[in-house]
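Index from 1, following the sequence.
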Amino acid sequence: MSKDISLILMRNLVIFPNQEVKIDFKSEISKKIIEQACNEDASLVLVVAPLNDKNTLPKVGVVAKVKSKIQLTNNNLRVNFRGIKRVVVEKYYNKNNKDILNAKIMDIEIPKLNSTQEMALKRKLIDLLKEYINRSPEISNAIISSLENTRDLNSLTDKIVSFMNFETEKKLTYMQMINPLKRAESLAIDLQKEIEVLKLEEKINEKVSESIDVGQRE
């Protein structure tokens, strides 16, 4: 069953299900959309990002809940969003206000996965993530415990992608992947690539340090 919802357009930012983000809005149109959503019972909006420089809007977006909003002294509106679920966008349209886009959306039915395959991929992703975190000073080990308690592969892949320092284009690609199995397989490949990059950086840093030590001794 399709449903109408207000649209928030984000540039260079992709929100995933179960992810929380705080965003400052200065556009009066965006503020109006937020106020409109908060006047409804569920306080829900559809959050999407253009697929490319031509502003092509995607066929998949995330329904997000406005958890809180604060009017700042600089007149910006700070909004705390929480991603709820992926949805398919049937169409974008203008309703009453020509400046405000709305969307007609439908829920996505997640494909049923083979339990053995799902478990194997979850373990693989966690193992790769542990190695990545051990080599990366930017990410805390504390995140592993929360991910290990994530029950399903669908949620696990979204959580990992949400905090990885991937480019917006890559995150958009993952957003469009409805099948958790394909998403997990692709993520395992990307995590392995990131690990190889970190290994190479470590070798380069070692060589630079050795060269500096030799230079100082001479």
> Between A42 and K65, which heavy-atom pair has the shortest distance, and what is it?
Replying inline: O-NZ, 2.8 Å
> Can D152 and S155 be counted as having a side-chain donor-acceptor contact under 3.5 angstrom?
Replying inline: yes
> Which pairs with one or both residues in residues 172-181 pass salt bridge (charged side-chain N to carboxylate O under 4.0 Å, His left out), sequence neighbours excluded?
Replying inline: none
> If only atom types and distance count, is the side chain of N76 paired as donor or acceptor with the main-chain N or O of L72 below 3.5 Å?
Replying inline: no
> Looking at CG of L153 and OG of S115, how far apart are the two atoms once the value is rounded to the nearest 0.5 Å?
Replying inline: 12.0 Å
> Has E196 got more than 12 heavy atoms of other residues, nucleotides or ligands less than 6.0 Å from its CD?
Replying inline: yes
> Just wondering, more than 12 heavy atoms not from K26 lying within 6.0 Å of its NZ?
Replying inline: no
>> I need the full list of side chain to side chain donor-acceptor pair (under 3.5 Å) pairs touching residues 7-18, with sequence neighbours left out, sorted by first then second residue.
In response: R11-N55
>> Show the nearest heavy-atom pair for residues L51 and L172, with the distance to one decimal.
In response: CA-CD1, 4.1 Å
>> Just to verify, what does E202 make a side-chain hydrogen bond (donor to acceptor under 3.5 Å, both in side chains) with, not counting sequence neighbours?
In response: R135
> Has E109 got more than 12 heavy atoms of other residues, nucleotides or ligands less than 6.0 Å from its CD?
Replying inline: no
>> Would you say that more than 12 heavy atoms from the other residues, nucleotides or ligands in this model lie under 6.0 Å from the CG of N114, or not?
In response: yes
> Could you state the interatomic distance from CZ (R86) to CZ (F16), rounded to the nearest 0.5 Å?
Replying inline: 6.5 Å
> Are M164 and L191 close enough that some pair of their side-chain heavy atoms sits under 4.5 Å apart?
Replying inline: yes
> More than 12 non-hydrogen atoms from neighbouring residues, nucleotides or ligands closer than 6.0 Å to CD on Q192, yes or no?
Replying inline: yes
>> Side chains of D190 and Y174 only: does a donor on one sit below 3.5 Å from an acceptor on the other?
In response: yes
>> Tell me whether K124 at atom NZ has more than 12 heavy atoms from other residues, nucleotides or ligands lying less than 6.0 Å away.
In response: no
